[in-house]
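What follows is a short report on a single structure.
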Amino acid sequence: MPHCVILGSMTEHLTRLAPSPTGALHLGNARTFVLNHLLARQQGWRMLLRVEDLDGPRVKPGSAADMLEELAWLGLTWEQPAVYQSQRAHFYRQALEALVAKGLAYPCVCSRKDAQQAGSAPHDDESAAAYPGTCRGRFATADQAAATGRPIAWRVCTDGQTIVVDDQFAGRREFDLGRIGGDFVIFKSDGLAAYQLAVVVDDAQAGVDRIVRGEDLLESAARQIHLRRLLGLGETVRYWHLPLVVGPDGRRLAKRHGDTRLSHYRRLGATPQQVLGLIGFWSGLLPTRQEADLAELLRRFDLQLLPLQPVTFLPADEKFLMGQ
Ligand code: GLU
């Protein structure tokens, strides 16, 4: 009789790439997406792609298509079709209603700015001061709030909870929700779901249980775990929050550092192999800046080699991309 091969647990895990089309793909988020892809390949996870295009004014026309094209140019793949948050308003509204029905969310007529900011993922340099709870318990109904004549946003109660994020890369971290912003906005006054709620609803509905993203969203993981608990969505998600690529000033790579978009280097002649080689070098997978393809990075992939500290984008990196 042939040996009976006992396979390990056949549970399928699912991860996602979740670009926000509020600007073009740059080297920093490209690195996170590539590492997400490599980890998924190594672990045998399935991959979805979700376009986070809820952030009305900041979403740039054509930017989603450009980002998908650039991810494909790097060789990344995902299951079709891609999901667009802008087409899922109904599900976010249902989640809001469920929270309101349980007395866990309330209408808020405080400053517009707070509510607007909630549209996008809060990156490290954009954290807001804690909300003092002004509107909590203030209105018995949404109509009463509307009678103030001010736009209504919706906040979720956080009740001074401390949430532990047991991050697979960053380690065990505790967040006191009261200190990191308090009751946060889950629906904005423009009628669109805020980032935190949309992500939780989407991930849960799709069955995403493996989340890999930049460490500036570690704090958001605490809010998302809280929301998942309130919505009864289970505790199955594991997180990997990875260090960022920063400019020479130590801040998250962004426009302020000049044009670090992938499209910029592409226009100057950079190839996917150069970009991937740089990402591999930045991630401890290659000893020097050298060209590589995804297969090569996958062969060498080991998340333990990834430096714990942010990586700084140096003039030598740019030179390499320009073939100098
Ligand atoms: N769309 C978010 C961003 O680009 C990522 C959100 C997430 O991964 O949860 O920052």
Side-chain angles (χ1 to χ4, degrees), residues 13-37 39-40 45 47-60 63-64 66-68 70-71 76 78 82-88 92 95 117-127 163 165 167-170 175 184-186 188 192-228 233 236-246 251-255 260-262 310:
H13 295 294
L14 183 62
T15 185
R16 81 302 199 270
L17 303 173
S20 295
T22 49
L25 197 67
H26 62 72
L27 292 166
N29 42 29
R31 181 174 90 139
T32 308
F33 291 141
V34 167
L35 291 172
N36 194 352
H37 169 94
L39 188 58
W45 306 337
M47 172 69 83
L48 291 184
L49 190 135
R50 180 171 72 232
V51 177
E52 304 213 319
D53 55 350
L54 274 190
D55 190 6
R58 291 181 59 197
V59 171
K60 311 235 173 6
S63 165
D66 289 351
M67 278 185 141
L68 301 201
E70 276 158 5
L71 292 172
L76 306 194
W78 52 87
V83 174
Y84 288 77
Q85 288 190 325
S86 57
Q87 294 168 9
R88 297 176 42 77
Y92 310 140
Q117 276 176 351
S120 14
H123 294 293
D124 51 353
D125 37 7
E126 297 161 6
S127 57
I163 304 282
V165 183
D167 193 87
Q168 307 296 308
F169 188 80
F175 295 95
F184 55 91
V185 173
I186 53 172
K188 300 176 290 166
L192 294 176
Y195 160 73
Q196 306 290 357
L197 183 70
V199 162
V200 162
V201 169
D202 291 340
D203 284 336
Q205 228 175 58
V208 167
D209 62 352
R210 298 290 181 263
I211 294 180
V212 182
R213 57 191 179 189
E215 72 182 355
D216 51 343
L217 292 174
L218 191 54
E219 200 175 280
S220 287
R223 297 191 184 92
Q224 290 164 20
I225 289 171
H226 178 63
L227 273 178
R228 289 185 72 97
L233 296 174
T236 50
V237 180
R238 286 206 193 153
Y239 296 94
W240 282 254
H241 286 90
L242 308 180
L244 302 176
V245 179
V246 297
R251 296 173 71 195
R252 183 169 64 93
L253 204 61
K255 261 193 203 134
T260 58
R261 290 175 301 173
L262 229 49

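Note that the structure is predicted; figures quoted are calculated from it, not measured. Just so you know, these numbers use all the heavy atoms, side chains as well, and skip hydrogens, waters and symmetry mates. Each ligand, and each atom within it, is numbered from 1 in the order the structure gives.
Residue Q224 places no heavy atom under 4.0 Å from ligand 1.
At least one N or O atom of A18, backbone or side chain, sits closer than 3.5 Å to an N or O atom of ligand 1. Taking only nitrogen or oxygen atoms, main chain and side chain alike, R50 does not reach within less than 3.5 Å of ligand 1.
Here the closest non-hydrogen pair linking V51 and P21 is CG1-CG, 3.7 Å. Closest approach of A95 to V201, counting heavy atoms only: CB-CG2, 3.6 Å.
In this model, no donor atom of one side chain and acceptor atom of the other lie less than 3.5 Å apart for Q85 and Y195.
Of all atoms in ligand 1, listed by their number and element, those nearer than 4.0 Å to a heavy atom of S20 are 1 (N), 2 (C), 3 (C), 4 (O).
Counting heavy atoms from C-beta outward, D202 and Y92 have side chains that approach closer than 4.5 Å.
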